[in-house]
Amino acid sequence: STYWTEKIGPSAALDADFSDLISKAVVPEGAELRQIELPGLTLNKNPDGGWSSPQQPDAKSAQVAQLAEGWKNARAMWNAADAPEGSTGDAVKLSLADGRVIELIVQARDPQLVLARKDLRVRYTLSKALAEELFQIPAAPAPDDTASPPADKAAVPGVKLPSLTP
């Protein structure tokens, strides 16, 4: 039928829902992050492959790397077209090893985390749980208290304690 090509056009079906065609991965598959600029926090990949943050110099490389890995693996639950006027909010800048830069706007943190990417005119909707995980370096793990029990509670090899259950 000529109605489809003359009146609607073949691109109309794609243009209406183009955001579904964009990958839900915030960082392209296989891309390597070099720097992450978050509101009040910057993460840098060092030449040795470790990560550091000038704002939190005492943070261990593994803690900073955990935050960087969160960005590398961030995936949207769904995508939607960004508003024609764009989004406003805190800026996030992801610099890749190949020189590309991904600029995002934190459009919302509640009820879901919504990141807008202007160059693709798309909004990524991520789990609200990621709102904290993607914007702060995780706390250092607590020291392991179970490594050596107190002397009066130490297990004696070969001694079986009586069962408390009948």
Side-chain angles (χ1 to χ4, degrees), residues 11-150:
S11 67
L14 292 177
D15 290 345
D17 223 357
F18 75 92
S19 63
D20 283 340
L21 302 175
I22 296 173
S23 170
K24 290 179 177 49
V26 175
V27 174
E29 302 288 336
E32 185 181 338
L33 288 164
R34 285 285 180 210
Q35 184 178 58
I36 302 171
E37 295 176 53
L38 305 171
L41 186 65
T42 299
L43 312 178
N44 296 306
K45 190 165 191 178
N46 304 322
D48 67 2
W51 284 88
S52 62
S53 172
Q55 292 85 3
Q56 294 190 23
D58 294 337
K60 297 197 179 327
S61 179
Q63 292 169 261
V64 183
Q66 188 177 342
L67 177 54
E69 195 68 19
W71 277 99
K72 182 176 174 149
N73 296 325
R75 293 187 62 81
M77 297 183 296
W78 65 84
N79 294 341
D82 196 10
E85 67 277 5
S87 292
T88 58
D90 291 334
V92 171
K93 187 173 167 184
L94 308 174
S95 299
L96 307 180
D98 63 10
R100 289 181 292 167
V101 175
I102 298 170
E103 294 184 3
L104 303 165
I105 298 293
V106 181
Q107 196 264 331
R109 292 182 189 238
D110 194 30
Q112 302 294 341
L113 176 60
V114 179
L115 302 174
R117 185 168 168 182
K118 187 174 184 173
D119 64 331
L120 297 179
R121 298 182 330 190
V122 68
R123 287 184 183 173
Y124 300 103
T125 300
L126 295 88
S127 167
K128 180 183 170 121
L130 294 175
E132 287 185 22
E133 290 178 29
L134 293 177
F135 292 95
Q136 61 188 9
I137 295 173
D144 187 2
D145 294 346
T146 61
S148 56

Distance-only, no hydrogens or angles: does the Asp48 side chain make a donor-acceptor pair with backbone N or O of Gly50 under 3.5 Å? yes

For the residue pair Val101 and Ser95, what are the closest heavy atoms and their distance? CG2-OG, 4.1 Å

What side-chain donor-acceptor pairs closer than 3.5 Å can you find for residues 103-115, not counting sequence neighbours?
{"residue": "Asp110", "atom": "OD1", "partner": "Lys128", "partner atom": "NZ", "Å": "2.6"}
{"residue": "Gln112", "atom": "OE1", "partner": "Lys128", "partner atom": "N", "Å": "3.1"}

Pairs flagged by ring-ring contact (aromatic ring centres under 6.0 Å, His included) wherever residues 84-118 is involved - sequence neighbours left out: none

Determine all donor-acceptor pairs shorter than 3.5 Å in which one atom belongs to a side chain in residues 25-38; sequence neighbours excluded.
{"residue": "Glu29", "atom": "OE2", "partner": "Arg75", "partner atom": "NH1", "Å": "3.2"}
{"residue": "Glu32", "atom": "OE2", "partner": "Arg34", "partner atom": "NH1", "Å": "3.4"}
{"residue": "Glu32", "atom": "OE2", "partner": "Arg34", "partner atom": "NH2", "Å": "3.4"}
{"residue": "Glu32", "atom": "OE2", "partner": "Lys45", "partner atom": "NZ", "Å": "3.2"}
{"residue": "Gln35", "atom": "NE2", "partner": "Asn44", "partner atom": "OD1", "Å": "2.7"}

Residues pairing under ring-ring contact (aromatic ring centres under 6.0 Å, His included) where one sits in residues 58-109, two or more places apart or in two chains, turn out to be Trp71-Phe135

Val92 versus Pro39: any side-chain heavy-atom pair under 4.5 Å? yes

Quick check: are there more than 12 heavy atoms from other residues, nucleotides or ligands sitting under 6.0 Å from NZ of Lys60? no

Measure from the side-chain N and O atoms of Ser61 to the backbone N and O of Trp51, and report whether any donor-acceptor pair falls under 3.5 Å. yes

Nearest-0.5 Å distance that lies between atom CD1 in Ile22 and atom CZ in Arg121: 8.5 Å

Nearest 0.5 Å, what's the NZ-CG distance between Lys24 and Leu126? 11.0 Å

Residue pair Ser23 / Tyr124: nearest heavy atoms and the distance that separates them: O-CE2, 3.4 Å

Of all heavy-atom pairs between Ser52 and Asn46, which one has the smallest distance, and what is that distance? OG-OD1, 3.1 Å

Least distance between heavy atoms, Ala74 atom then Leu134 atom: CB-CD1, 4.3 Å

Taking atom CD as the centre, does Glu132 end up with more than 12 heavy-atom neighbours from other residues, nucleotides or ligands that are less than 6.0 angstrom away? no

Among pairs that include at least one residue of residues 84-117, which meet ring-ring contact (aromatic ring centres under 6.0 Å, His included), considering only residues two or more places apart or in two chains? none

Separation between CG (Leu43) and CD (Gln55), nearest 0.5 Å, reads 8.0 Å

Determine which pairs satisfy side-chain hydrogen bond (donor to acceptor under 3.5 Å, both in side chains) with at least one residue from residues 83-92, sequence neighbours left out, and list them in order. Asp82-Ser87, Ser87-Arg123

